[in-house]
J.: 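There's a structure below that I have some questions on.
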Amino acid sequence: MALTPLNLRRWQNFKAHKRGYWSLWIFLALFGISLLAELLANDQPLLVQFRGELYVPVLKNYPETEFGGSFDSATNYRDPYVAELINNDGWMLWPPVRFSYQTINYDLPVPAPAPPSTENWLGTDDQGRDVLARIIYGFRVSVLFALCLTVGSSLLGIFAGALQGYYGGWTDMAGQRFIEVWSGLPVLFMLIILSSLVEPNFWWLLGLMLLFSWTELTGLVRAEFLRARNLEYVRAARALGMSDARIMFRHMLPNAMVSTLTFLPFIFTGAIGVLTSLDFLGFGLPPGSASLGELVAQGKNNMTSPWLGISAFVTLSVLLTLLVFIGEAARDAFDPRKQV
């Protein structure tokens with residue numbers, strides 16, 4: 001479908017912002033790589049050929065007896081005995097990193113945390129888990145969490161702001177007083193209290209953060225609807241008997257979205273920062289989860305192992321810098337004063 005002249009001009013403005021344009025492609029490439037984490041970092045081979053038959057351990061668990069072993073439990077392909085059995089009558093195709101985010105390397109030549117080596121490219125943490133594998137999986141978790149939180153909070157915030165701005169009066173006043181009280185609640189203290197009652201997980205944490213993050217866009221959307229509610233096209237639509245819902249979301253919302261979309265990359269960046277902070281403090285994802293914040297905490301607790309802190313710093317710096325550059329380019333793209 002061809003772009004309208006207005007959207008074409010916005011896309012050209014976005015491309016003219018070189019830092020943001022190339023940051024978008026780099027971010028998409030890194031996110032695409034993280035989506036393939038199981039194929040890049042795994043303690044299961046991608047493919048096994050044994051006695052003329054092919055097996056896909058990365059997708060299905062096979063018992064050890066399938067390869068001539070003694071136990072009927074899931075096969076440990078890192079076991080030298082099992083590896084010898086398979087290699088005598090076949091071969092194994094491993095991913096580039098032979099560790100998952102929770103795999104412990106029991107064959108370290110030095111006590112954990114171990115420095116970078118040919119086996120663990122970025123070293124291990126204090127539990128013997130591969131740092132590179134945890135970064136790949138943690139990058140994916142952080143981006144998906146931020147994406148879900150940004151979309152969910154934006155939908156709720158836009159809906160609430162649209163209602164306040166369109167109806168005004170007591171609806172607007174009651175909404176503003178509620179938002180003032182709600183946004184003043186101590187989120188961190190509530191997280192600490194609830195963490196003692198329920199073990200947090202991805203969806204629990206997402207739902208809790210969604211309760212407090214939806215107010216970020218409400219004020220902006222409310223202001224746009226207050227400005228547009230008395231314009232000629234809105235008054236004409238009312239005179240023609242058009243429903244309020246259709247006026248709000250069919251005609252007024254597209255105009256309000258221009259300014260709203262420029263804030264989404266920055267909300268996305270803030271969501272990643274919130275998750276990282278909570279994981280660093282120990283109130284985020286469950287222990288053992290792939291987490292960039294937990295890696296930051298590892299670097300703080302192991303000052304004599306600089307590869308932990310450096311890996312966390314570089315990963316978060318690159319990720320947040322790319323998102324900020326994308327946000328700047330999006331802001332310029334939707335600025336009517338900008339010309340290519």
J.: Could you grab the distance from atom CG of D279 to atom CG of L295, nearest 0.5 Å is fine?
T.: 11.0 Å
J.: For residues S183 and T215, report the shortest heavy-atom separation together with the two atoms involved.
T.: CB-OG1, 4.5 Å
J.: Could you list the residues that satisfy ring-ring contact (aromatic ring centres under 6.0 Å, His included) with F145, not counting sequence neighbours?
T.: F202
J.: Are side-chain heavy atoms of W121 and V131 found at a separation under 4.5 Å?
T.: no
J.: Tell me the closest heavy-atom pair linking V48 and P57, and the distance in Å.
T.: CG2-CG, 3.6 Å
J.: Between P95 and L39, is any pair of side-chain heavy atoms under 4.5 Å apart?
T.: no
J.: Return the set of residues passing salt bridge (charged side-chain N to carboxylate O under 4.0 Å, His left out) with R246 (not counting sequence neighbours), or none when no residue passes.
T.: none
J.: What's in the same ILVMFWY side-chain cluster as M303, cut-off under 4.5 Å, chained through other members?
T.: none
J.: What distance separates D125 CG from Q298 CD, expressed to the nearest 0.5 Å?
T.: 4.0 Å
J.: Look up atom CD in E119 and atom CG in L108, then write down how far apart they are to the nearest 0.5 Å.
T.: 7.5 Å
J.: Quick check: closest heavy atoms across Y166 and R238, and the distance to 0.1 Å?
T.: OH-NE, 3.3 Å
J.: Side-chain polar contacts of residues 20-36 - donor-acceptor pairs under 3.5 angstrom, sequence neighbours left out - could you list them?
T.:
from: Y21; atom 1: OH; to: W25; atom 2: NE1; distance (Å): 3.3
from: S23; atom 1: OG; to: R19; atom 2: O; distance (Å): 2.5
from: S34; atom 1: OG; to: F31; atom 2: O; distance (Å): 2.7

J.: Any side-chain heavy-atom pair from F178 and Q164 closer than 4.5 angstrom?
T.: no
J.: Hey, what do you get for CD (E328) to CD1 (I326), rounding to the nearest 0.5 Å?
T.: 10.5 Å
J.: Work out which heavy atom in W307 is nearest to a heavy atom in P113; give both atom names and the distance.
T.: CZ2-O, 3.4 Å
J.: Please answer whether the main-chain N or O of L285 pairs with a side-chain N or O of W204 as donor and acceptor at a distance below 3.5 Å.
T.: no
J.: Salt bridge check, R227 against E224: does any charged N sit closer than 4.0 Å to a carboxylate O?
T.: yes
J.: Check this for me: R250, atom CZ, are more than 12 non-hydrogen atoms of other residues, nucleotides or ligands nearer than 6.0 Å?
T.: no
J.: Taking salt bridge (Lys or Arg N to Asp or Glu O under 4.0 Å) as the cut-off, I'd like each qualifying pair that reaches into residues 282-311, sequence neighbours left out, listed once.
T.: R129-E294, R134-E294
J.: Verify side-chain hydrogen bond (donor to acceptor under 3.5 Å, both in side chains) between N301 and D126, making sure each step is shown before the conclusion.
T.: CA-CA 9 Å; N301 296 331; D126 58 9; 5.8 Å; no
J.: Determine whether more than 12 heavy atoms belonging to other residues, nucleotides or ligands lie under 6.0 Å from atom CZ of F159.
T.: no
J.: Quick check for you: to the nearest 0.5 Å, what is the distance between L206 atom CG and L149 atom CG?
T.: 6.0 Å
J.: Hey, what do you get for CD1 (I267) to CD1 (I272), rounding to the nearest 0.5 Å?
T.: 13.0 Å
J.: Any heavy-atom pair between the side chains of L292 and L275 that's under 4.5 Å?
T.: no
J.: Of the non-hydrogen atoms in A330 and P265, which two are nearest, and what is the gap between them?
T.: CB-CG, 4.4 Å
J.: Consider only side-chain heavy atoms of I, L, V, M, F, W and Y, link residues closer than 4.5 Å, and tell whether W203 and L211 are in one cluster.
T.: yes
J.: With side chains defined as the heavy atoms from C-beta onward, is the minimum distance between L210 and S153 less than 4.5 Å?
T.: yes
J.: Test of understanding: with ring-ring contact (aromatic ring centres under 6.0 Å, His included), list the residues that count as partners of F99, not counting sequence neighbours.
T.: none
J.: What pairs with Y137 under ring-ring contact (aromatic ring centres under 6.0 Å, His included), at least two apart in sequence or on another chain?
T.: Y101
J.: Is there a side-chain contact between I179 and Q176, using heavy atoms and a 4.5 Å cut-off?
T.: yes
J.: Kindly indicate, with the supporting measurements, whether the criterion side-chain contact (heavy atoms from CB on, under 4.5 Å) is fulfilled by D244 and Y167.
T.: CA-CA 9 Å; D244 290 343; Y167 290 108; 3.3 Å; yes
J.: Write out all pairs satisfying ring-ring contact (aromatic ring centres under 6.0 Å, His included) with one or both partners inside residues 40-93, taking only residues at least two apart or from two chains.
T.: F50-F67, Y55-Y62, Y55-F67, F67-Y77
J.: Do NZ/NE/NH1/NH2 and the carboxylate oxygens of D43 and R78 come within less than 4.0 Å?
T.: no
J.: Applying the 4.5 Å side-chain criterion to the ILVMFWY set and letting contacts propagate, would L319 and L122 be lumped into a single cluster?
T.: no
J.: How far apart are the C-alpha atoms of T103 and D130, what are their side-chain angles, what is the distance that settles it, and do they pass the side-chain contact (heavy atoms from CB on, under 4.5 Å) test?
T.: CA-CA 7 Å; T103 305; D130 187 79; over 6 Å; no
J.: Above 12 or not: heavy atoms from other molecules or residues under 6.0 Å from CD of E180?
T.: yes
J.: Quick one: are M252 and I247 in side-chain contact, heavy atoms under 4.5 Å?
T.: yes
J.: Please say yes or no: joined through hydrophobic side-chain contacts below 4.5 Å, possibly via intermediate residues, are I136 and V143 part of one cluster?
T.: no
J.: Run the side-chain hydrogen bond (donor to acceptor under 3.5 Å, both in side chains) test on D332 and N13 for me, step by step, so that the C-alpha distance in whole Å, both residues' side-chain angles and the decisive distance to 0.1 Å come before the verdict.
T.: CA-CA 7 Å; D332 291 347; N13 284 338; over 6 Å; no
J.: Quick one, V296 with F313, criterion side-chain contact (heavy atoms from CB on, under 4.5 Å). Give me CA distance, side-chain angles, the key distance, then yes/no.
T.: CA-CA 8 Å; V296 175; F313 171 76; over 6 Å; no
J.: Following the transitive rule for hydrophobic clusters with a side-chain heavy-atom cut-off under 4.5 Å over Ile, Leu, Val, Met, Phe, Trp and Tyr, establish whether L155 and F266 coincide in one cluster.
T.: no
J.: With side-chain contact (heavy atoms from CB on, under 4.5 Å) as the criterion, how do V82 and N76 come out once you've worked through the C-alpha distance, each side chain's angles and the decisive distance to 0.1 Å?
T.: CA-CA 7 Å; V82 175; N76 179 11; 5.5 Å; no
J.: Can you tell if the side chain of V221 reaches within under 4.5 Å of the side chain of T260, non-hydrogen atoms only?
T.: yes
J.: Are V318 and L147 linked, directly or through other ILVMFWY residues, by side chains that come within less than 4.5 angstrom of each other?
T.: yes
J.: Is E66 salt-bridged to K60, cutoff N-O under 4.0 Å?
T.: no
J.: Got a sec, which hydrophobics cluster with Y106, joining ILVMFWY side chains under 4.5 Å apart, including via others?
T.: I104
J.: Got a donor-acceptor contact below 3.5 angstrom from the R51 side chain to the D89 backbone?
T.: no
J.: Which pairs, with at least one residue in residues 150-167 and sequence neighbours excluded, count as a salt bridge (Lys or Arg N to Asp or Glu O under 4.0 Å)?
T.: none
J.: Please name all residues satisfying ring-ring contact (aromatic ring centres under 6.0 Å, His included) with F212, sequence neighbours left out, ordered by chain then number.
T.: W182
J.: Under 3.5 Å, side chain of S289 to main-chain N/O of S291, donor-acceptor pair present?
T.: no
J.: Linking Ile, Leu, Val, Met, Phe, Trp and Tyr by side-chain heavy atoms under 4.5 Å, what else ends up with W170?
T.: M173
J.: Verify, without hydrogens or angle tests, whether S100 (side chain) and N42 (backbone) share a donor-acceptor contact under 3.5 angstrom.
T.: no
